[in-house]
Amino acid sequence: MVVHDSAKQQLGQSVEILPVNWAEQVRELARERDAVILAHNYQLPEIQDIADHTGDSLGLSRVAAEVDASTIVFCGVHFMAETAKILSPDKTVLIPDAAAGCSLAETITADQLRAWKAEHPGAVVVSYVNTTAEVKAETDICCTSSNAVDVVQSIPADTEVLFCPDQFLGAHVQRITGRENMHIWMGECHVHAGINGLELSQRVEEQPDAELFIHPECGCATNALYLAGAGVVPPDRVKVLSTGGMIEAARDTDASTVLVATETGMLHQLNKVNPTTEFAPVNRAAVCKYMKMITPAKLLRSLRDGVDEVDVPADIAERARRAVEAMVSIGTTAATRD
Ligand code: 13P
Ligand code: SF4
């Protein structure tokens, strides 16, 4: 038996006792079950390392849509596993803990979206993938942080857009597209909203030569662009990126330090693809408690017992599928294969 405690260290959860051959058991059970293991970039390092594919929301959705395995074990949060089920309704989709939610997805309900649509007849609804299946069913086209700009640009310029639910991603898209007929829902993710502009400015003052990787959900995204505009940081050193975009940028950078504004699980992949650059979190406390609910012991249990199975009612899945398939076809991010 080995004691696993990286989850505990990050979130104060109880220590897990794991079999010494945990990794072999996981791989063996995955083989027996004909399962592919997908892990989001915010997962615990052990989970990222054992997964068949690690990536951002868009890359993993693409894998879920194309993979041959009959079972998908989604190590991420619930809306991600739901998205996989919407794209692959004939596959069994498991999540190691169905209670792994998302504070951002909770900021808009299907009823609220229906009421908003009624106020703007004819508008095209763009929903971030961080939404429930019911909200996706009311949506014209979904997007992720890596293709949100492309998705909005694909809509005729004279058509109103309702963008939900993340206000910071919405503001970023509006800034890039210059689109005035875009209404933005005032939702936010508690982890990213907590990475604020003041904190970023302090970190930049301490490390003036650092490059900045900023997730567009962050409360500090506007401040980062202000720092670039004001000449505090050269504009080419400020990058607003999805988690997948950060991995690509990490491969290319020759900076000695990069300040990273997103959930801290991201640092594992960044260090893996570029061990010579120092990747430092803007906020060490930016830990998503939902992502960290997926632990090594729960992954083992999931594969052994076939739990927790994710299902989406057929009528909702059918209505959501068009919006999700449109999302998957726009943009370029791919998941990595270990
Ligand atoms: P990405 O789409 O960049 O992977 O982000 C997902 C997410 O939940 C961010 O908090
Ligand atoms: Fe949701 Fe925020 Fe966690 Fe991402 S980091 S899964 S948006 S709560």
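Residue numbers count from 1 along this sequence.
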Undergrad: Is Glu309 close to Val93 at the side-chain level, that is, under 4.5 Å between some pair of heavy atoms?
TA: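 Not in contact.
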Undergrad: Under 4.5 Å between side-chain heavy atoms, hopping through other hydrophobics if needed: is there a path connecting Met186 to Tyr128?
TA: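 Per the 4.5 Å side-chain linkage, Met186 and Tyr128 are co-clustered.
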Undergrad: Would you say the side chain of Ile330 lies within less than 4.5 Å of the side chain of Ile141, judging by non-hydrogen atoms?
TA: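 Ile141 reaches Ile330 side chain to side chain.
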Undergrad: Checking Asp305 side chain against Val307 main chain: does a donor-acceptor pair fall under 3.5 Å?
TA: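 No, Asp305 side chain to Val307 backbone: no donor-acceptor pair under 3.5 Å.
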Undergrad: Near Asp254 CG, under 6.0 Å, is it more than 12 heavy atoms from other residues, nucleotides or ligands?
TA: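 Count not over threshold, so no.
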Undergrad: Of all the heavy-atom pairs spanning Cys142 and Lys136, show the shortest one and how long it is.
TA: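 Shortest heavy-atom separation between Cys142 and Lys136 comes out as SG-CG, 3.8 Å.
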Undergrad: May I ask you to decide if Leu87's main-chain N or O and Arg321's side chain share a donor-acceptor pair within less than 3.5 Å?
TA: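 Side chain of Arg321 to backbone of Leu87: no pair is present.
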Undergrad: When you compare the side chain of Glu278 with that of Ser256, does any pair of heavy atoms fall below 4.5 Å?
TA: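 Heavy-atom side-chain distance check fails, nothing below 4.5 Å.
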Undergrad: Are Asp90 and Ser88 close enough, and set up right, to give a side-chain hydrogen bond (donor to acceptor under 3.5 Å, both in side chains), and what steps lead you there?
TA: CA-CA 6 Å; Asp90 299 332; Ser88 295; over 6 Å; no
Undergrad: Counting distance only, does the side-chain N/O of Arg304 pair as donor-acceptor with the main-chain N or O of Leu29 below 3.5 Å?
TA: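 Checking the backbone N and O of Leu29 against the side chain of Arg304, no donor-acceptor pair under 3.5 Å is found.
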Undergrad: Given 3.5 Å as the limit, does a donor-acceptor pair link the side chain of Asn274 with the main chain of Thr277, or not?
TA: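 Answer holds: yes.
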Undergrad: Please check if the side chain of Asn283 supplies one atom and the backbone of Glu199 the other of a donor-acceptor pair under 3.5 Å.
TA: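 Looks like no, no N/O pair under 3.5 Å.
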Undergrad: Take atom CD in Glu205; do more than 12 heavy atoms of anything else shown fall under 6.0 Å from it?
TA: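 No, because the 6.0 Å sphere around CD of Glu205 holds 12 heavy atoms or fewer from other groups.
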Undergrad: Measure the spacing between CD1 of Ile155 and OG1 of Thr177 and express it to the nearest 0.5 Å.
TA: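 Between Ile155 CD1 and Thr177 OG1, I get 9.5 Å after rounding to 0.5 Å.
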Undergrad: What verdict does the salt bridge (charged side-chain N to carboxylate O under 4.0 Å, His left out) test give for Arg31 and Glu28, after you've listed the backbone C-alpha separation in whole Å, the side-chain angles of each residue and the deciding distance to 0.1 Å?
TA: CA-CA 5 Å; Arg31 246 188 316 277; Glu28 181 56 31; 2.9 Å; yes
Undergrad: Is Arg319 close to Glu134 at the side-chain level, that is, under 4.5 Å between some pair of heavy atoms?
TA: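 No, too far: nothing below the 4.5 Å cut-off.
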Undergrad: Give a yes or no on this: more than 12 heavy atoms of other residues, nucleotides or ligands lie within 6.0 Å of atom CG of Asp252.
TA: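 For Asp252, atom CG is crowded (more than 12 foreign heavy atoms under 6.0 Å).
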Undergrad: Determine whether Phe279 and Met246 make a side-chain contact, defined as any pair of heavy atoms from C-beta on separated by less than 4.5 Å.
TA: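 Not in contact.
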Undergrad: Check whether Trp185 reaches the backbone of Thr107 with its side chain - one donor and one acceptor, N or O, closer than 3.5 Å.
TA: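 Yes, Trp185 side chain to Thr107 backbone: donor-acceptor pair under 3.5 Å.
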Undergrad: Under a 3.5 Å cutoff, is there a donor and acceptor pairing between the side chains of Thr144 and Ser57?
TA: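 No, no side-chain donor-acceptor pair sits under 3.5 Å.
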Undergrad: I'd like to know if Asp140 and Arg322 make a salt bridge, using a cut-off of under 4.0 Å between side-chain N and carboxylate O.
TA: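 No, this pair does not count.
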Undergrad: Could you go through the side-chain hydrogen bond (donor to acceptor under 3.5 Å, both in side chains) check for Arg175 and Thr222 one step at a time?
TA: CA-CA 9 Å; Arg175 213 166 20 229; Thr222 307; 3.3 Å; yes
Undergrad: Using the rule that Ile, Leu, Val, Met, Phe, Trp and Tyr join whenever any side-chain heavy atoms are under 4.5 Å apart, tell me whether Val135 and Leu58 fall into a single cluster.
TA: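 Not linked; separate clusters.
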Undergrad: Mind checking whether Ile50 and Leu299 have side chains closer than 4.5 Å, heavy atoms only?
TA: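 Ile50 reaches Leu299 side chain to side chain.
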Undergrad: Would you say the side chain of Ile72 lies within less than 4.5 Å of the side chain of Val67, judging by non-hydrogen atoms?
TA: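 In contact.
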Undergrad: Salt bridge check: are Arg251 and Glu248 linked by an N-O gap of less than 4.0 Å?
TA: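 Judged by the 4.0 Å cut-off on N to carboxylate O distance, Arg251 and Glu248 do not form a salt bridge.
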Undergrad: Indicate if Val126 and Phe168 have the same hydrophobic cluster label, given that clusters are the connected sets of ILVMFWY residues with side-chain heavy-atom separations under 4.5 angstrom.
TA: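 As far as the 4.5 Å side-chain criterion goes, Phe168 and Val126 are not connected within one cluster.
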Undergrad: Any side-chain to backbone donor/acceptor pair from Glu160 onto Asn181? Under 3.5 Å, distance only.
TA: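 Checked: no pair found.
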Undergrad: What pair of heavy atoms forms the shortest contact from Pro156 to Arg179, and how long is it?
TA: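 Residues Pro156 and Arg179, closest heavy atoms: O-NH2, 2.7 Å.
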Undergrad: Could you tell me whether Arg27 and Asp52 make a salt bridge, using a distance below 4.0 angstrom between a side-chain N and a carboxylate O?
TA: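 Yes, charged N to carboxylate O under 4.0 Å.
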Undergrad: What residue among Pro165, Cys102, Ser145, Cys189 forms side chain to side chain contact (heavy atoms under 4.5 Å, CB included) with Asn130?
TA: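 Answer after filtering Pro165, Cys102, Ser145, Cys189: Cys102.
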Undergrad: If you draw a 6.0 Å radius around CD in Glu180, do more than 12 non-hydrogen atoms from other residues or ligands fall strictly inside?
TA: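 Count not over threshold, so no.
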Undergrad: For the pair Lys85 (side chain) and Lys91 (backbone), establish whether a donor and an acceptor sit closer than 3.5 Å, ignoring hydrogens and angles.
TA: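 It does hold such a pair.
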Undergrad: Quick one: do Asp34 and Thr71 satisfy side-chain hydrogen bond (donor to acceptor under 3.5 Å, both in side chains)? Show the steps, please.
TA: CA-CA 6 Å; Asp34 185 29; Thr71 297; over 6 Å; no
Undergrad: Give a yes or no on whether a salt bridge exists between Glu206 and Arg203, defined as a side-chain N under 4.0 angstrom from a carboxylate O.
TA: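 Judged by the 4.0 Å cut-off on N to carboxylate O distance, Glu206 and Arg203 do form a salt bridge.
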Undergrad: Can you run down the salt bridge (Lys or Arg N to Asp or Glu O under 4.0 Å) pairs that involve residues 100-127, sequence neighbours left out, and say none if there aren't any?
TA: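 Of all non-adjacent pairs touching residues 100-127, those that pass salt bridge (Lys or Arg N to Asp or Glu O under 4.0 Å) are Asp111-Arg114, Arg114-Glu138, Lys117-Glu138.
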Undergrad: Establish whether Phe213 and Leu259 are linked, either directly or via other cluster members, by ILVMFWY side-chain heavy-atom contacts under 4.5 Å.
TA: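 Hydrophobic grouping puts Phe213 apart from Leu259.
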Undergrad: If hydrophobic clusters are built from ILVMFWY residues whose side chains come within less than 4.5 Å, do Met291 and Val282 share one?
TA: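 No: no chain of side-chain contacts under 4.5 Å links Met291 to Val282.
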Undergrad: Cut-off 3.5 Å, no hydrogens considered: what does the side-chain donor-acceptor table look like for residues 73-83, sequence neighbours left out?
TA:
| from | atom 1 | to | atom 2 | distance (Å) |
| --- | --- | --- | --- | --- |
| Glu82 | OE1 | Ala133 | N | 3.0 |
| Thr83 | OG1 | Phe79 | O | 2.7 |

Undergrad: Is Gln202 atom CD crowded by more than 12 heavy atoms from other residues, nucleotides or ligands, each under 6.0 Å away?
TA: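 Atom CD in Gln202 is packed in, count exceeds 12.
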Undergrad: How about Gln48 and Thr54: does a side-chain donor come under 3.5 Å of a side-chain acceptor?
TA: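 No - no donor-acceptor pair under 3.5 Å links their side chains.
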Undergrad: Working note: Val260 + Leu267, criterion side-chain contact (heavy atoms from CB on, under 4.5 Å); need CA distance, chi angles, decisive distance, verdict.
TA: CA-CA 8 Å; Val260 182; Leu267 301 171; 4.1 Å; yes
Undergrad: For the CG atom of Leu162 and the CG atom of Leu113, what is their distance to the nearest 0.5 Å?
TA: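 It comes to 7.5 Å.
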Undergrad: When rounded to the nearest 0.5 angstrom, what is the spacing between CD1 in Ile108 and SG in Cys164?
TA: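 These two atoms lie 4.0 Å from each other.
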Undergrad: So does Leu104 get a backbone contact from the side chain of Glu188, meaning a donor-acceptor N/O pair under 3.5 Å?
TA: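 Side chain of Glu188 to backbone of Leu104: no pair is present.
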Undergrad: List the steps, then state whether side-chain contact (heavy atoms from CB on, under 4.5 Å) holds for Asn41 with Thr262.
TA: CA-CA 11 Å; Asn41 290 320; Thr262 193; over 6 Å; no
Undergrad: Between CG of Leu169 and CD of Glu217, what distance do you get to the nearest 0.5 Å?
TA: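 Result: 7.0 Å between the selected atoms.
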Undergrad: Could you measure the distance from the OG atom of Ser242 to the CE atom of Met266? Nearest 0.5 Å is fine.
TA: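 The distance works out to 8.0 Å.
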Undergrad: Go through the steps to decide whether Asp49 and His268 satisfy the test side-chain hydrogen bond (donor to acceptor under 3.5 Å, both in side chains), and finish with yes or no.
TA: CA-CA 9 Å; Asp49 289 345; His268 184 59; 2.8 Å; yes
Undergrad: Give me the ring orientation class for His190 and Tyr290: parallel if the planes are under 30° apart, tilted from 30 to 60°, perpendicular past 60°.
TA: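 His190 and Tyr290: perpendicular rings.
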Undergrad: Using 0.5 Å steps for rounding, measure from the CG atom of Asp150 to the CD atom of Gln153.
TA: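 Between atom CG of Asp150 and atom CD of Gln153 there are 6.5 Å.
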Undergrad: Do Lys292 and Glu263 sit within salt-bridge range, that is, some charged N less than 4.0 Å from a carboxylate O?
TA: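 Salt bridge: yes.
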Undergrad: Are the side chains of Ser201 and Asn223 in touch, meaning some heavy atoms are under 4.5 Å apart?
TA: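 Side-chain contact under 4.5 Å: yes.
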Undergrad: Mark yes or no for whether Arg237, through its side chain, and Leu212, through its backbone, hold a donor-acceptor pair below 3.5 Å.
TA: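 Checked: no pair found.
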